[in-house]
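Please read the structure below before turning to the comments.
These numbers come from the heavy atoms of this one structure, side chains and all, not from hydrogens, waters or symmetry mates. Per chain, numbering begins at 1; letters A, B, ... match sequence-line order.
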There are 2 protein chains.
Amino acid sequence: MAAPSSSDAERQRDKDRTRADILDVATREFADKGYTGARVDEIAERTSTTKRMIYYYFGGKEQLYIAVLERAYLAIRALEAELDVEHLAPEDAIRRLAELTFDHHEAHPDFIRLVSIENIHRAEHIARSEVLAGLANPALDGLTQILERGRAAGRFRADVDPLDVHMVISSFCVFRLANRHTFAAIFGRDMLDPGRREHYRSMLGDMLVDYLTS
Amino acid sequence: MAAPSSSDAERQRDKDRTRADILDVATREFADKGYTGARVDEIAERTSTTKRMIYYYFGGKEQLYIAVLERAYLAIRALEAELDVEHLAPEDAIRRLAELTFDHHEAHPDFIRLVSIENIHRAEHIARSEVLAGLANPALDGLTQILERGRAAGRFRADVDPLDVHMVISSFCVFRLANRHTFAAIFGRDMLDPGRREHYRSMLGDMLVDYLTS
DNA sequence: TTGTGTTAACTAACTAGGTCGTACATAGGA
DNA sequence: TCCTATGTACGACCTAGTTAGTTAACACAA
């Protein structure tokens, strides 16, 4: 490693920008068309660089896809880590966490689609990623503390596993986005209708609190 | 139209059998690899017939895929229509319905995968199917009656929409199957572990009853 | 019964258009 | 001269869909 000169730093910045550019385009393409449906040529065309560069930077289609997944998961986990609910009553804290997840998923439909796609592939790519395999959810720590506090205060039932609660929150928020198209096609209801947003958002909190305090 | 001779009937049976054979194989292939990932050649090879026959019977890859979706939805709806809970108390009826959906989804992972895949494609194929677009869920009628009974008896809250309850049930049951791979990769928990099955099955009913009676 | 025309069921081989990945050439800084 | 970075062009393979032709069953007239 040579000592970094200013031009080295510049070049590194350029490189990072090119990588980020490719990842932006690739994220949209993979989220849109799935792993098999995505076209490397298409990604290259929508990038300020060439296909050759994609192979130069990432090695291949699969490694590019894994890089896309890694960045998407890391971004979402970074946001989750900011959760701060220690000053709230347990019930309100649970509602707050549910709302955070709710908002979060709604704001990142690409991420939800990538997760769906990755599940179709039985998470084989995540398993192959050293960054992601076993990457725990930071929100889980906050959730564990909330449940602990609620239980200590005698307000929450004692037999609840944080991961189960996380699963319920995720299932509600993920389903609303991931299955909205078949749901709309069959029942004629758009789960993302802005007019119903608040209803769903508070419904999840209500359900959780009712269950935890029963 | 000639009067149906016995050989006509036989030929129709053969034809139906060939169609069903192709659909069986195609269901597995599409559920396994997704629409784009599925290979018509592969389906043909695993069938007792040839690729040309698939085009002969179904017209193309997309029409074959739609036929697979139609059959899968129709099969599941037929089972749902058998729900009979009028003799149960509203709380028990809700639990029964939730368990039926829970068991059902668990027993039909291929169907869940097809639904996930179809959502990745924004339900464009379902929308194109005359059979499926607007095919309501028979279980929804049962659910509506249960909620009505519970409300009339003063045991259930009044402000609950059947479709919302259906959504909660579906989200829980679907998430458990559809997202099990990424969930396992990241949290190290297999949501389909038989040892946890009863826990999840009753947890869903508990949650619903807690919410509806709150 | 036999010959003939007709139609549905079926098949192998092919085509046209992609699709990932690579070989090669080049430029320019250290 | 070596290394990183980049562009062009191509090759090997794959895949949905088609073409052109075969087989088998049947209807009906002679």
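Of all nucleotides listed (dA9(C), dT11(C), dA16(D)), dT11(C) comes nearest to the side chain of Thr49(B). Side-chain proximity of Asp41(B) to dT11(C), dT15(D), dT4(D): nearest is dT15(D). Distance from the side chain of Arg52(B) is smallest for dT19(D) among the nucleotides dT4(D), dT19(D), dG7(D). Of the candidate nucleotides dA12(C), dC20(C), dA16(D), dA16(D) has the atom nearest to the side chain of Val40(B). Closest approach to the Tyr55(B) side chain among dC10(C), dC20(C), dA16(D) is made by dA16(D) (side chain taken as heavy atoms from C-beta onward).
Relative to the ring axis of Phe30(B), Lys61(B) does not place its NZ or CZ within 45° and under 6.0 Å from the centre.
Of the possible donor and acceptor atoms, none in the side chain of Glu99(A) sits under 3.5 Å from a partner among the backbone N and O of Arg201(A). At distances below 3.5 Å, not a single donor-acceptor pair connects side-chain atoms of Arg180(A) with backbone N or O atoms of Asp190(A).
As judged by a 4.0 angstrom heavy-atom cut-off over every strand, Ala44(B) is placed among residues making no nucleic acid contact. Residue contacts for Arg39(A): at a heavy-atom cut-off of 4.0 Å it reaches the sugar-phosphate backbone alone, with no base atom in range.
Aromatic ring pairs are classed by plane angle as parallel below 30°, tilted from 30° to 60° and perpendicular above 60°; the pair His125(B) and His121(B) is perpendicular.
In terms of phosphate contacts, Thr50(B) brings no side-chain nitrogen or oxygen within less than 4.0 Å of OP1 or OP2 of dC10(C).
Atom NZ in Lys61(A) sits roughly 8 Å away from atom P in dG21(C) (whole-Å rounding).
Of the two residues contacting DNA chain C, namely Gly60(A) and Tyr56(B), the nearest-nucleotide position lying further toward the 5' end is that of Tyr56(B).
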